[in-house]
Amino acid sequence: MIRPSVHMPNGTARQPLGELLISRGVLTEEQLGHALEHQSQHDHRSLLGEVLIELGFASDQQVMEVLAEGYGIPCVEQVARVADARIIEVLPREFIEEHKVLPLFLVRSVLTVAVSEPSNLYLVEEIARRTGHEVQIVAAAASEIDAAITSWLPAANVFVIDDIYEDIAEEDFSVIERQVTELADLEQVAGHGPVVKLVNFIIYSAVQEGASDIHIEPDDQCLRVRYRVDGRLFEKISPPYRMHAAISSRIKIMSNLDISERRIPQDGDFNVMLEGRPIDLRVSTMPGKYGEKVVIRIIDSDSSRIGLDELGFGGEMLSQWKDLISHPNGVILVTGPTGSGKSTTLYSVLGQINSPELNISTIEDPVEAKIPGINQSQVNTRAGFTFANAMRSMLRQDPDILMVGEVRDAETASICTQAALTGHLVFSTLHTNDSPSAVTRLCNLGIEPYLVAATLRGVLAQRLVRKICPNCKAPWVPDDRTSEAVLRACEGFESVQRGTGCSHCRRTGFAGRLGIFELLIPDDEFLDAVAAGATLQALRARLVDMGFESLWKDGLAKVRDGLTTPDEVLCATRL
């Protein structure tokens, strides 16, 4: 809604921006002096408001409100709610994005435009020249204008679609097409230029932004496209709802799915070449009230090739883990919920121990990254090629090391145990909340406790937390809104770091993820307790006596080192 501001008689600011911010209690004299010094030393062309926002001394909305007051114009919040979508196209998209302006409405030949820089009189004259209308400006934060253009207003998406893909060179991105049968008109629509460009853009930008999943979700007369980046979903664009059928059909054609079937879920996959490297995409469709939801999982082999030193292990734990994976035989498990990075850890392990002298074989569902020199197989349940069947076949091929994607049933668990007893080193994963739970899970699957004790070499439990953005990292002081749990987590720390939000991290304060870990290496007494059928509570009590470092403690160590925040650790370790 538009909020009235104080109007100045001559329409120009009587007080400098810094003084106005100080008078409103937003800024201190010391902060203003620091900002002016930063402006003079780094970039004289940067406006004072931009410097204050960059340093975290004021928000873009606070700066805009004070500027609006100084220039005697209204200040707009939530411009997407105010704007008339039919008016946006009076200005070219490139002009809108370059100058951070947004046409709002046209009344009696007077065009009201939201601008992020109200002092730029030449910009107002240029808008009037281009549109042929008398122009009245209101102030709005650049972030508000960007959000309105890219994610909410339907008209903005209409003119974006036609040229949204033009900046991507053909040699940088190409879809590996498959032969499909001739189908009805929907296939023809799905092959039209705007639809092809939009789908290609969605995939291309998702890979570029490091997304792990793309969600294309229809709702009541609207459509949104969301990316999952660093474990969190955010809305990227909102294409017109009428394009939903064509978009989903285009993706189905690429995935070799049946575009005429919308009543049941379907699964498929396809590949693209991006900047010379192949990207695998797994597609899942699900019927819904307003149409099919499409989810695309992005499997980028480059992102899976991470060295052990880059996963986030502490120095001592890294040394213990490297010693553990060098064992000649036994079972080593990596545990955690879906999306906790277990596969990435196992790929890093295989890359560490890979050698021409070893026969390493894997059975996975799916194969997420190709590792040279390792024999990788993918399960095919429909054909009867399950984890258990694959394990039996692999054991007949003289392997030294086996990697099983997941222990899902008693049969697979039994074969893994037998392989370890016969001199093989077996890596696998389990879905458990912590490392001692993996021991009882194996017993619950039917493995005799004495066999678990004889074969288990270690269990690594892990979670992923978001890393603080290095470009906007700053000390953080708790305020009244800080929860008691976070305050307790910070207790005893000299300082806690947080990201203030910048363009590099999409204003989230986070960029990338790292692991927090707990490593269980059982001693003789622990193994005796396992063989005797000890309960989970008894095993946890034994670990306390061993001085076991939990996920929580490892997470707090990373908070202390300024790598993540207490909120992230609390969220990741809450059982």
Side-chain angles (χ1 to χ4, degrees), residues 53 59-61 77-81 97 100 102 140-154 156-157 160-161 164-165 168 198-220 222-241 243-244 247-248 251 274 279 281-284 286 288 290 293-300 303 337-341 463-473 498-514 564-565 567-568 570-572:
I53 294 169
S59 68
D60 53 356
Q61 189 63 37
E77 291 180 356
Q78 299 177 344
V79 289
R81 295 180 179 270
E97 291 187 334
K100 294 293 186 291
L102 185 71
S143 59
E144 288 274 350
I145 294 175
D146 281 337
I149 293 171
T150 59
S151 65
W152 192 86
L153 294 175
N157 291 307
V160 168
I161 287 169
I164 202 167
Y165 187 62
I168 306 172
L198 178 58
V199 171
N200 288 354
F201 167 77
I202 290 171
I203 297 169
Y204 178 86
S205 62
V207 176
Q208 291 293 86
E209 295 191 30
S212 60
D213 301 272
I214 303 169
H215 293 246
I216 301 171
E217 303 166 320
D219 206 335
D220 187 13
C222 66
L223 178 64
R224 64 178 179 176
V225 177
R226 296 194 292 171
Y227 296 167
R228 187 180 295 279
V229 179
D230 295 338
R232 301 295 195 277
L233 283 169
F234 76 94
E235 188 168 336
K236 178 66 176 180
I237 58 174
S238 179
Y241 178 78
M243 296 190 69
H244 171 246
I247 291 172
S248 60
I251 295 171
L274 193 151
I279 307 292
L281 299 113
R282 310 298 167 103
V283 176
S284 173
M286 174 69 72
Y290 299 107
K293 177 182 177 180
V294 180
V295 176
I296 304 174
R297 186 183 181 194
I298 300 169
I299 301 176
D300 186 353
S303 64
T338 300
S340 58
R463 299 289 190 278
L464 291 177
V465 294
R466 292 183 293 176
K467 292 192 294 186
I468 299 172
C469 175
N471 291 342
C472 59
K473 181 188 291 188
R498 283 207 173 181
T500 58
C502 63
S503 58
H504 177 75
C505 62
R506 303 183 311 282
R507 305 293 173 186
T508 64
F510 298 96
R513 291 192 288 179
L514 78 160
T564 189
T565 66
D567 312 65
E568 283 292 301
L570 281 166
C571 182

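FYI, side chains are in, hydrogens and waters are out, and symmetry mates aren't considered; it's all heavy atoms of this structure.
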message: For I296, give me all partners under side-chain contact (heavy atoms from CB on, under 4.5 Å), at least two apart in sequence or on another chain.
response: I214, I251, L281, V283, V294
Check salt bridge (Lys or Arg N to Asp or Glu O under 4.0 Å) between [X] and all other residues, then give those that pass, not counting sequence neighbours.
| X | result |
| --- | --- |
| R282 | none |
| D230 | none |
| K293 | E217 |

Between atom [atom1] of [X] and atom [atom2] of [Y], what is the distance when rounded to the nearest 0.5 Å?
| X | Y | atom1 | atom2 | value |
| --- | --- | --- | --- | --- |
| F510 | K467 | CZ | NZ | 12.5 Å |
| H215 | S284 | NE2 | OG | 10.0 Å |
| R226 | L233 | CZ | CG | 4.5 Å |

[Y] side chain reached by [X] side chain, heavy atoms, under 4.5 Å:
| X | Y | answer |
| --- | --- | --- |
| R463 | P337 | yes |
| C505 | N471 | no |
| L198 | I237 | yes |
| Y241 | D219 | no |

Test side chain to side chain contact (heavy atoms under 4.5 Å, CB included) applied to I298 and V207, I203, D213, the passing residue: V207
Any residue meeting side chain to side chain donor-acceptor pair (under 3.5 Å) with S212, in chain and number order, not counting sequence neighbours: none
- prompt: Residues two or more places apart in sequence or in another chain: which of them pass side chain to side chain donor-acceptor pair (under 3.5 Å) with R232?
  reply: E568
query: Just by modelled atom types, is the R466 backbone N or O under 3.5 Å from a matching donor or acceptor in the T564 side chain?
result: yes
message: Strictly distance-based, threshold 3.5 Å: is any side-chain N or O of S238 a donor or acceptor partner for the main-chain N or O of L223?
response: yes
For [X] versus [Y], what's the shortest heavy-atom pair and its separation?
| X | Y | value |
| --- | --- | --- |
| V229 | G210 | CG1-O, 4.4 Å |
| H244 | P218 | NE2-CG, 3.6 Å |
| Y227 | F201 | OH-O, 4.2 Å |

